[in-house]
Amino acid sequence: MTIMPSDAVPGGISTARADAPAISAIDVSKTYGSVSALDRLTLDVRAGEIFGLLGPNGSGKTTFMRLLAGYLLPSAGRLTVAGLDVLNDSLAVRRRIGYVPESAPLYHHMRVGEFLTFMARLRGVPEREIASAVARVVARLALSAVLDKPTGKLSRGYRQRTALAQALIHDPDILILDEPTNGLDPRQIIEMRQLIRSLAGRHTVLMSSHILSEVQKTSDRVAVLLNGRLLGVRAIAETPDLEEWFLSLT
Ligand SMILES: Nc1ncnc2c1ncn2[C@@H]1O[C@H](COP(=O)(O)OP(=O)(O)OP(=O)(O)O)[C@@H](O)[C@H]1O
(Lines give C-alpha, C1' and ligand atoms only; values in the text may rest on other atoms or scores of the structure.)
Protein backbone atom coordinates (compact mmCIF):
# COMPACT_ATOMS: atom_id res chain seq x y z
CA MET A 1 0.00 0.00 0.00
CA THR A 2 1.28 3.46 -0.79
CA ILE A 3 0.90 5.85 2.08
CA MET A 4 0.31 9.37 0.90
CA PRO A 5 1.28 12.56 2.70
CA SER A 6 -1.64 14.15 4.53
CA ASP A 7 -2.10 16.95 1.99
CA ALA A 8 -2.19 14.51 -0.94
CA VAL A 9 -5.22 12.51 0.17
CA PRO A 10 -8.03 12.66 -2.41
CA GLY A 11 -11.08 14.54 -1.20
CA GLY A 12 -9.05 16.57 1.27
CA ILE A 13 -9.54 14.16 4.20
CA SER A 14 -6.34 14.01 6.18
CA THR A 15 -4.87 10.76 7.39
CA ALA A 16 -1.69 10.24 9.32
CA ARG A 17 1.35 8.76 7.66
CA ALA A 18 2.59 5.55 9.21
CA ASP A 19 6.15 6.21 8.03
CA ALA A 20 6.34 9.79 9.35
CA PRO A 21 8.15 10.75 12.57
CA ALA A 22 5.81 11.17 15.53
CA ILE A 23 6.81 14.83 15.67
CA SER A 24 8.77 16.80 13.11
CA ALA A 25 9.86 20.42 13.30
CA ILE A 26 11.47 22.05 10.30
CA ASP A 27 12.99 25.50 10.74
CA VAL A 28 10.37 26.46 13.31
CA SER A 29 10.65 29.94 14.80
CA LYS A 30 8.48 31.75 17.30
CA THR A 31 8.83 35.36 18.32
CA TYR A 32 6.89 37.27 20.96
CA GLY A 33 7.32 40.87 19.81
CA SER A 34 11.06 41.39 19.90
CA VAL A 35 11.73 38.20 21.94
CA SER A 36 12.91 35.20 19.92
CA ALA A 37 11.58 32.18 21.88
CA LEU A 38 12.46 29.60 19.20
CA ASP A 39 14.99 30.14 16.45
CA ARG A 40 14.82 27.84 13.39
CA LEU A 41 14.31 24.66 15.38
CA THR A 42 14.65 21.47 13.35
CA LEU A 43 14.21 18.07 15.01
CA ASP A 44 12.38 14.75 14.75
CA VAL A 45 10.87 12.66 17.54
CA ARG A 46 10.49 8.96 16.62
CA ALA A 47 7.33 6.99 17.25
CA GLY A 48 7.39 5.19 20.61
CA GLU A 49 10.39 6.95 22.12
CA ILE A 50 10.67 9.14 25.18
CA PHE A 51 12.27 12.35 24.05
CA GLY A 52 13.57 14.82 26.63
CA LEU A 53 13.83 18.53 26.02
CA LEU A 54 16.52 19.84 28.32
CA GLY A 55 17.20 23.52 28.84
CA PRO A 56 17.28 26.26 31.45
CA ASN A 57 14.25 28.44 32.19
CA GLY A 58 13.39 30.58 29.20
CA SER A 59 15.08 28.31 26.63
CA GLY A 60 11.88 27.75 24.62
CA LYS A 61 10.66 24.34 25.85
CA THR A 62 7.15 25.45 26.77
CA THR A 63 6.84 27.47 23.58
CA PHE A 64 7.65 24.38 21.47
CA MET A 65 5.08 22.30 23.36
CA ARG A 66 2.38 24.95 23.06
CA LEU A 67 3.02 25.16 19.30
CA LEU A 68 2.55 21.39 19.03
CA ALA A 69 -0.62 21.47 21.09
CA GLY A 70 -2.01 24.18 18.80
CA TYR A 71 -2.16 26.84 21.56
CA LEU A 72 0.25 29.09 19.65
CA LEU A 73 1.00 29.67 16.00
CA PRO A 74 4.58 29.49 14.73
CA SER A 75 6.07 32.66 13.26
CA ALA A 76 7.84 30.54 10.61
CA GLY A 77 8.58 26.93 9.71
CA ARG A 78 6.62 23.68 9.53
CA LEU A 79 5.46 21.40 12.32
CA THR A 80 3.94 17.97 11.79
CA VAL A 81 2.53 15.27 14.06
CA ALA A 82 2.45 11.78 12.50
CA GLY A 83 2.80 13.53 9.14
CA LEU A 84 -0.20 15.79 9.80
CA ASP A 85 0.38 19.51 9.54
CA VAL A 86 -0.23 21.22 12.88
CA LEU A 87 -1.78 24.25 11.15
CA ASN A 88 -3.76 22.66 8.32
CA ASP A 89 -4.84 19.50 10.16
CA SER A 90 -5.19 20.97 13.63
CA LEU A 91 -8.24 18.93 14.62
CA ALA A 92 -6.69 15.60 13.60
CA VAL A 93 -3.45 16.59 15.36
CA ARG A 94 -5.30 17.41 18.60
CA ARG A 95 -6.94 13.97 18.59
CA ARG A 96 -3.48 12.39 18.55
CA ILE A 97 -1.98 14.53 21.29
CA GLY A 98 -2.38 14.53 25.05
CA TYR A 99 -0.89 17.63 26.66
CA VAL A 100 -0.05 18.26 30.31
CA PRO A 101 0.99 21.90 30.74
CA GLU A 102 3.29 22.85 33.61
CA SER A 103 0.42 24.01 35.80
CA ALA A 104 -2.44 21.91 34.51
CA PRO A 105 -5.91 23.48 34.84
CA LEU A 106 -8.02 20.96 36.78
CA TYR A 107 -11.28 22.90 37.41
CA HIS A 108 -10.82 22.80 41.17
CA HIS A 109 -14.48 22.48 42.14
CA MET A 110 -14.95 19.25 40.12
CA ARG A 111 -14.44 15.83 41.63
CA VAL A 112 -11.78 13.67 39.93
CA GLY A 113 -14.35 11.31 38.37
CA GLU A 114 -16.50 14.20 37.11
CA PHE A 115 -13.47 16.00 35.77
CA LEU A 116 -12.26 12.97 33.78
CA THR A 117 -15.77 12.41 32.39
CA PHE A 118 -15.94 16.08 31.42
CA MET A 119 -12.53 15.92 29.70
CA ALA A 120 -13.52 12.73 27.85
CA ARG A 121 -16.57 14.55 26.40
CA LEU A 122 -14.45 17.57 25.54
CA ARG A 123 -11.98 15.34 23.65
CA GLY A 124 -14.76 13.74 21.63
CA VAL A 125 -14.79 10.28 23.23
CA PRO A 126 -18.14 8.73 22.12
CA GLU A 127 -20.74 8.81 24.93
CA ARG A 128 -21.00 4.99 25.19
CA GLU A 129 -17.21 4.70 25.62
CA ILE A 130 -16.76 7.39 28.27
CA ALA A 131 -17.25 5.16 31.34
CA SER A 132 -14.71 2.61 30.10
CA ALA A 133 -12.25 5.37 29.09
CA VAL A 134 -12.48 6.85 32.61
CA ALA A 135 -12.11 3.39 34.20
CA ARG A 136 -9.04 2.73 32.02
CA VAL A 137 -7.17 5.89 33.09
CA VAL A 138 -8.27 5.58 36.73
CA ALA A 139 -6.75 2.09 36.84
CA ARG A 140 -3.65 3.16 34.87
CA LEU A 141 -2.93 6.13 37.15
CA ALA A 142 -4.15 4.47 40.39
CA LEU A 143 -6.74 7.16 41.09
CA SER A 144 -9.58 5.07 42.51
CA ALA A 145 -8.98 6.29 46.10
CA VAL A 146 -9.57 9.94 45.09
CA LEU A 147 -12.38 9.58 42.54
CA ASP A 148 -14.83 11.55 44.73
CA LYS A 149 -12.35 14.16 45.89
CA PRO A 150 -12.50 17.70 44.46
CA THR A 151 -9.41 18.20 42.26
CA GLY A 152 -8.56 21.36 44.23
CA LYS A 153 -8.08 19.26 47.39
CA LEU A 154 -5.64 16.74 45.89
CA SER A 155 -2.03 16.37 46.96
CA ARG A 156 0.54 17.49 44.42
CA GLY A 157 1.26 13.87 43.40
CA TYR A 158 -2.42 13.01 42.83
CA ARG A 159 -2.92 16.33 41.02
CA GLN A 160 -0.13 15.46 38.58
CA ARG A 161 -1.53 11.95 38.06
CA THR A 162 -4.99 13.40 37.42
CA ALA A 163 -3.47 15.80 34.89
CA LEU A 164 -1.81 12.85 33.16
CA ALA A 165 -5.08 10.87 33.28
CA GLN A 166 -6.96 13.66 31.45
CA ALA A 167 -4.21 13.76 28.82
CA LEU A 168 -4.61 9.98 28.26
CA ILE A 169 -8.42 9.91 28.30
CA HIS A 170 -8.76 9.82 24.48
CA ASP A 171 -5.88 7.33 24.20
CA PRO A 172 -3.59 9.63 22.17
CA ASP A 173 -0.47 8.34 20.42
CA ILE A 174 1.63 11.26 21.61
CA LEU A 175 2.00 12.73 25.07
CA ILE A 176 3.50 16.13 25.69
CA LEU A 177 4.53 16.67 29.30
CA ASP A 178 5.84 20.03 30.47
CA GLU A 179 8.11 19.55 33.51
CA PRO A 180 6.10 16.51 34.74
CA THR A 181 8.09 16.03 37.95
CA ASN A 182 8.18 19.68 38.97
CA GLY A 183 7.17 20.19 42.61
CA LEU A 184 6.89 16.46 43.41
CA ASP A 185 8.61 14.90 46.40
CA PRO A 186 11.34 12.24 45.83
CA ARG A 187 8.94 9.27 46.06
CA GLN A 188 6.42 10.94 43.73
CA ILE A 189 9.25 11.73 41.28
CA ILE A 190 10.26 8.05 41.16
CA GLU A 191 6.61 6.99 40.63
CA MET A 192 6.08 9.56 37.88
CA ARG A 193 9.30 8.47 36.18
CA GLN A 194 8.21 4.80 36.23
CA LEU A 195 4.82 5.80 34.90
CA ILE A 196 6.32 7.77 32.01
CA ARG A 197 8.67 4.89 31.17
CA SER A 198 5.73 2.50 31.15
CA LEU A 199 4.06 4.64 28.46
CA ALA A 200 6.95 4.26 25.99
CA GLY A 201 6.35 2.07 22.97
CA ARG A 202 2.57 2.34 22.94
CA HIS A 203 2.92 6.14 23.20
CA THR A 204 5.50 8.67 22.09
CA VAL A 205 6.43 10.99 24.94
CA LEU A 206 7.93 14.45 24.59
CA MET A 207 8.83 15.79 28.02
CA SER A 208 10.68 18.86 29.21
CA SER A 209 12.89 19.36 32.20
CA HIS A 210 15.64 21.60 33.40
CA ILE A 211 17.04 18.80 35.58
CA LEU A 212 19.75 16.79 33.85
CA SER A 213 19.46 13.63 35.97
CA GLU A 214 15.70 13.55 35.42
CA VAL A 215 16.06 13.53 31.64
CA GLN A 216 18.87 11.00 31.84
CA LYS A 217 16.79 8.54 33.88
CA THR A 218 13.62 8.84 31.82
CA SER A 219 14.45 9.58 28.17
CA ASP A 220 15.68 7.57 25.21
CA ARG A 221 16.99 10.68 23.47
CA VAL A 222 17.58 14.21 24.60
CA ALA A 223 17.77 17.62 22.91
CA VAL A 224 19.47 20.59 24.52
CA LEU A 225 17.84 23.97 23.97
CA LEU A 226 19.32 27.33 24.91
CA ASN A 227 17.85 30.72 24.08
CA GLY A 228 15.49 29.12 21.57
CA ARG A 229 18.28 27.33 19.71
CA LEU A 230 18.85 23.60 19.43
CA LEU A 231 22.42 22.89 20.54
CA GLY A 232 22.42 19.11 20.05
CA VAL A 233 20.52 15.82 20.13
CA ARG A 234 21.90 12.61 21.64
CA ALA A 235 20.76 9.08 22.49
CA ILE A 236 21.04 8.66 26.27
CA ALA A 237 22.50 5.15 25.81
CA GLU A 238 25.35 6.68 23.79
CA THR A 239 25.98 9.51 26.24
CA PRO A 240 27.54 8.02 29.37
CA ASP A 241 28.39 11.47 30.72
CA LEU A 242 25.38 13.65 29.98
CA GLU A 243 26.69 16.37 32.29
CA GLU A 244 29.98 16.62 30.42
CA TRP A 245 28.19 16.76 27.05
CA PHE A 246 25.75 19.38 28.36
CA LEU A 247 28.58 21.55 29.69
CA SER A 248 30.48 21.24 26.41
CA LEU A 249 27.45 22.66 24.59
CA THR A 250 26.39 25.44 26.92
N1 LIG B 1 3.59 35.16 26.12
C2 LIG B 1 4.85 35.58 26.06
N3 LIG B 1 5.15 36.88 25.77
C4 LIG B 1 6.42 37.31 25.70
N5 LIG B 1 7.50 36.52 25.89
C6 LIG B 1 7.27 35.24 26.19
C7 LIG B 1 5.95 34.69 26.29
N8 LIG B 1 6.04 33.37 26.59
C9 LIG B 1 7.37 33.11 26.67
N10 LIG B 1 8.10 34.21 26.43
C11 LIG B 1 9.58 34.30 26.39
O12 LIG B 1 10.03 33.35 25.44
C13 LIG B 1 11.23 32.71 25.89
C14 LIG B 1 11.01 31.20 25.96
O15 LIG B 1 10.07 30.93 27.01
P16 LIG B 1 9.51 29.46 27.33
O17 LIG B 1 8.49 29.60 28.40
O18 LIG B 1 9.12 28.81 26.07
O19 LIG B 1 10.82 28.76 27.89
P20 LIG B 1 10.95 27.48 28.83
O21 LIG B 1 12.23 26.83 28.44
O22 LIG B 1 9.72 26.68 28.79
O23 LIG B 1 11.09 28.13 30.27
P24 LIG B 1 10.41 27.66 31.65
O25 LIG B 1 11.13 26.42 32.05
O26 LIG B 1 10.70 28.84 32.56
O27 LIG B 1 8.94 27.47 31.40
C28 LIG B 1 11.57 33.37 27.22
O29 LIG B 1 12.47 34.43 26.97
C30 LIG B 1 10.24 33.90 27.70
O31 LIG B 1 10.42 35.02 28.54
Side-chain angles (χ1 to χ4, degrees), residues 22-45 49-81 86-87 90 93-94 97-106 156-157 159-160 162-164 166-167 174-186 188-189 192-193 196 204-234 236 239 242-243 245-250:
I23 293 169
S24 170
I26 303 167
D27 272 334
V28 172
S29 296
K30 176 67 187 174
T31 52
Y32 300 103
S34 60
V35 177
S36 169
L38 277 183
D39 186 10
R40 284 164 295 159
L41 176 71
T42 295
L43 67 83
D44 280 353
V45 176
E49 74 176 339
I50 299 184
F51 193 96
L53 278 181
L54 183 64
N57 292 337
S59 53
K61 306 179 300 291
T62 299
T63 297
F64 182 51
M65 293 181 159
R66 300 192 86 201
L67 289 171
L68 284 166
Y71 289 18
L72 289 174
L73 297 177
S75 309
R78 184 157 194 258
L79 261 179
T80 64
V81 166
V86 168
L87 289 183
S90 59
V93 166
R94 270 181 227 181
I97 282 185
Y99 176 42
V100 182
E102 199 174 346
S103 38
L106 293 180
R156 174 82 205 175
R159 215 180 310 151
Q160 196 61 342
T162 304
L164 194 50
Q166 66 78 27
I174 296 165
L175 273 171
I176 298 179
L177 313 177
D178 200 350
E179 310 259 3
T181 56
N182 214 9
L184 300 182
D185 68 30
Q188 292 167 340
I189 290 177
M192 184 54 68
R193 196 188 295 145
I196 294 170
T204 306
V205 181
L206 174 69
M207 58 168 277
S208 69
S209 182
H210 55 266
I211 303 166
L212 240 113
S213 60
E214 209 38 60
V215 171
Q216 181 156 33
K217 285 181 183 139
T218 317
S219 310
D220 298 307
R221 288 197 303 148
V222 57
V224 174
L225 278 183
L226 186 69
N227 297 328
R229 293 224 174 102
L230 178 68
L231 300 187
V233 181
R234 275 281 184 95
I236 292 289
T239 315
L242 187 64
E243 204 170 283
W245 177 63
F246 180 79
L247 288 174
S248 74
L249 290 174
T250 55

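No experiment lies behind these values; they were computed from the predicted model shown. Indexing begins at 1, ligand by ligand and atom by atom, following the structure's order.
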S.K.: Hey, are the side chains of D27 and R78 touching, using non-hydrogen atoms and a 4.5 Å cut-off?
M.R.: no
S.K.: Considering only heavy atoms, which of L53, T62, L54 lies nearest to atom 22 (O) of ligand 1?
M.R.: T62
S.K.: Go through ligand 1 atom by atom and flag the ones less than 4.0 Å from a non-hydrogen atom of P56.
M.R.: 21 (O)
S.K.: If you compare all heavy atoms of T31 against all heavy atoms of S36, which two are closest, and at what distance to 0.1 Å?
M.R.: CG2-CA, 4.1 Å
S.K.: For ligand 1 and H210, I'd like to know whether there is a polar contact (N/O to N/O, distance under 3.5 Å).
M.R.: no
S.K.: Check the surroundings of atom CD1 in I211: do more than 12 heavy atoms from other residues, nucleotides or ligands lie under 6.0 Å from it?
M.R.: yes
S.K.: Quick test: of every protein heavy atom, which one is nearest to atom 19 (O) of ligand 1, and how far off is it to 0.1 Å?
M.R.: G60 N, 3.1 Å
S.K.: Show which atoms of ligand 1 fall inside a sub-4.0 Å distance from at least one heavy-atom site of E179.
M.R.: 25 (O)
S.K.: Hey, looking at atom 20 (P) of ligand 1, which of P101, G58, G228 has the closest heavy atom?
M.R.: G58
S.K.: Protein heavy atom under 4.0 angstrom of atom 26 (O) of ligand 1, is there one?
M.R.: yes
S.K.: For atom 18 (O) of ligand 1, what is the nearest protein heavy atom, given as residue, atom name and distance?
M.R.: T63 OG1, 2.5 Å
S.K.: Could you tell me which non-hydrogen atom of L67 sits nearest to which non-hydrogen atom of V86, and how far apart they are?
M.R.: O-CG1, 3.5 Å
S.K.: By number and element, which atoms of ligand 1 are closer than 4.0 Å to a non-hydrogen atom of E102?
M.R.: 27 (O)
S.K.: Looking only at heavy atoms, what is the nearest atom pair of P101 and D178, with distance?
M.R.: C-CB, 4.0 Å
S.K.: Locate the shortest heavy-atom distance separating K61 from L54; write the atom from each residue and the value.
M.R.: CD-C, 4.2 Å
S.K.: Return the minimal non-hydrogen interatomic distance between L226 and P56, and the atom names on each side.
M.R.: CD1-CG, 3.5 Å
S.K.: Quick check on contacts: which atoms of ligand 1 are under 4.0 angstrom from a heavy atom of A37?
M.R.: 12 (O), 13 (C), 14 (C)
S.K.: Please state which protein non-hydrogen atom is closest to atom 4 (C) of ligand 1 and give its distance, to 0.1 Å?
M.R.: Y32 CB, 3.3 Å
S.K.: Answer whether the closest heavy-atom distance between the side chains of R193 and T181 falls below 4.5 Å.
M.R.: no
S.K.: Taking side-chain contact (heavy atoms from CB on, under 4.5 Å) as the criterion, tell me which of V215, D220, I236 meets it with I50.
M.R.: D220
S.K.: Within the protein, is there a heavy atom lying under 4.0 Å from atom 30 (C) of ligand 1?
M.R.: no
S.K.: Just let me know how S208 lines up against ligand 1, side chain, backbone, both or neither, with a heavy-atom cut-off below 4.0 Å.
M.R.: neither
